[in-house]
Amino acid sequence: MTHSPTGPTAHPHSVGGSTKGGLLFLGILLIASLSGLALIDGDDYGVYSLLPTAVVLGMAILTRRTIESLLTGALVGLLMIDPTTVVSQGSDILLTVLGNDTVTWIILVCGLFGSLIALLVKTGGVLSFGDAVTRRIHGRRQSLLATWVLGLIIFVDDYLNALTISASMKKITDRFNISREKLAYVVDSTAAPICILVPFSTWAVFFAGLLEDNDVTGNGMQLYIEAIPFMFYAWVAAALVPLVALGWLPDFGPMKAAEARAAAGQPIPTGVDDGALEVADDGRKRPHLLNFLLPIVTLVFFTWYYDIDILRGVIVALAVTLVLIGVQRLLSFHDTFDTALDGFKAMIMPLGTLVAGFALKEVNDMLGLTDYVIATVQPLMTPGMLPVVVFVTMAFLAFATASFWGLFAVALPIVLPLAASMDAHMPLVIGALISASAFGSHACFYGDSTVLSAQGSGCTPMAHALTQLPYVLIAAGISAAIFLLAGLM
């Protein structure tokens, strides 16, 4: 099983000065948050609502430990709300999170996906696919471009994209000494950014429904389609990938270090062990390629057939895989279900990160973080500045809260009437909103797409987030400039 940043060996240098620095940083912010309680008027936390997020980001960067950082940020928020009810409120929040239908859905999807991938690995289906693709790929650039093209093709859902492509391609990229971090970047860049550009993906269905609920003029899906050309972040982020793959945009920062390590013959980061999800070539005869392609095609088709519900799609794909295993006697009965269980267990650490992220979101909601930030930037929302202000503000909130869908259920009733009153270009404003959501999913180191892309590719979420962050910020900067120009024009 992959060690997340919480694992003891994921970052061997985190036990020295960086940990002490993280503890010092945490202590300062804890004192600041508690001393700030005297300045809080009633339930208005104002600028102090930013403290938990600041703690999370500071601790995560210094210690490279994700779950502890998220839970500490949530603890700081609970101390700000009422130090005497930390235990009761904390336990209530955990129960609320684990009782949330969305969280339950994510746990089932990711766990069953882990089981499916583990079975495809154990039976040799992934190696069969790797052999077939490798015969047509003759270099590192081709392997990265092939990964990008697959991401463009499998656009139905970002989870489906992140987990399927990473599991399929990592053995191929390993052969060309490409770091797992670069693979994760390519996979993640074709997850949410591509899903929002296609009108029959999970993202499109959700946001079109939100637009309908907010009484927009005309059909919600029609307005969503009109906004697609203005989803500048998704276009820019997806376009940067081939530039990176071809070497036209050079490696720099943490990605350069990861690629140097891979070039020396170590594509997998130190301390990472995929366990049930790792592909080991033991020289056995490969099963037919159909054993890989049929479950994957089944997964994509039935996800679409059941109204873009990937949970039902993965259940059918698992059933097909079990039939293939049984008919061909690829594994014994006990091996089959032990492997499926191991695959489910391999997803526990990334799921822990997601649950901790949802807990932090609940605390931020109690502190009024979203309302504070929107109220603070509202004076800047002139007709010309509205698109770029919406993009930058909502991108920050999506990154800070790891809320890429729920946040916009709160924001749309505020932003859309404001845009209508200013007679702003509605598809452009909607494009800015949805671009911000894609940025948050792409950039947030404890967001679901980031965590699952890292898990599937075989690196830690923190290593993936830090190596791809420069490219994400480049895309965000270009997008902000385009939104500014479009708004002024």
Side-chain angles (χ1 to χ4, degrees), residues 144-166 185-212 216 218-245 300 303-304 307-308 310 387-388 390-391 394-395 398-399 404-405 407-408 411-412 425-444 447-450 452-453 468 471-472 474-483 486:
L144 289 171
L145 288 173
T147 305
W148 178 66
V149 170
L150 280 174
L152 300 180
I153 295 172
I154 304 179
F155 51 74
V156 175
D157 182 82
D158 52 337
Y159 287 11
L160 176 66
N161 185 311
L163 288 168
T164 304
I165 297 173
S166 57
Y185 160 69
V186 175
V187 168
D188 204 0
S189 298
T190 55
I194 295 302
C195 285
I196 72 168
L197 297 177
V198 180
F200 40 91
S201 67
T202 48
W203 286 65
V205 170
F206 174 78
F207 280 109
L210 276 184
L211 292 172
E212 289 277 6
V216 297
N219 178 272
M221 181 56 77
Q222 178 184 343
L223 186 54
Y224 183 93
I225 293 172
E226 290 175 7
I228 288 176
F230 303 100
M231 297 176 188
F232 297 130
Y233 179 80
W235 291 111
V236 174
L240 283 183
V241 175
L243 301 182
V244 174
V300 174
T303 296
W304 168 81
D307 297 324
I308 321 296
I310 191 174
V388 67
V390 165
F391 172 69
M394 299 309 296
F399 176 85
F404 318 123
W405 286 13
L407 175 65
F408 292 85
L412 277 175
H425 189 263
M426 192 64 75
L428 176 60
V429 175
I430 293 170
L433 272 169
I434 299 173
S435 289
S437 182
F439 168 85
S441 177
H442 196 192
C444 182
D448 45 11
S449 180
T450 300
L452 295 179
S453 296
Q468 83 164 358
Y471 305 99
V472 170
I474 289 172
I478 294 172
S479 303
I482 297 174
F483 278 119

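Since this is a predicted model, take the numbers as computed values, not measurements.
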On a heavy-atom basis, which atom in Gly440 and which in Ala398 lie closest, and how many Å separate them?
CA-CB, 3.8 Å
Is there side-chain contact between Tyr185 and Leu240, with at least one heavy-atom pair below 4.5 Å?
yes
To the nearest 0.5 Å, atom CD1 of Ile430 lies from atom CG of Leu223 at 3.5 Å
Is Trp148 reaching over with its side chain to a backbone N or O of Ala238, donor-acceptor style, under 3.5 angstrom?
yes
Are Ile482 and Val236 packed together at the side-chain level, in the sense that at least one heavy-atom pair is separated by less than 4.5 angstrom?
yes
Can you tell me how far CE of Met231 sits from OH of Tyr224, rounded to the nearest 0.5 angstrom?
4.0 Å
Looking at Thr190 and Leu152, would you say the former's side chain and the latter's main chain have a donor-acceptor pair under 3.5 Å?
no
Between Ser441 and Thr450, what is the shortest heavy-atom contact and its length?
O-OG1, 3.3 Å
Hey, could you give me the CZ/OG distance between Phe391 and Ser437, rounded to the nearest 0.5 Å?
11.0 Å
Minimum heavy-atom separation for Ser479 to Ala475, with atom names?
OG-O, 2.7 Å
For Tyr233, all residues meeting side chain to side chain donor-acceptor pair (under 3.5 Å), sequence neighbours excluded
His442
Enter the distance from Ile228:CD1 to Trp235:CH2 here, rounded to the nearest 0.5 Å.
7.5 Å
Closest non-hydrogen contact found for Ala234 with Pro193 is CB-O, 3.1 Å
How close do Pro427 and Ala227 get, heavy atom to heavy atom, and via which atoms?
O-CB, 3.4 Å
Shortest non-hydrogen pair, Ser189 vs Ala237, comes out as CB-O, 4.4 Å
Would you say Leu428 and Phe483 make side-chain contact, with heavy atoms under 4.5 Å?
yes
Can any side-chain N or O of Ser435 pair as donor or acceptor with the backbone N or O of Phe232 at less than 3.5 Å?
yes
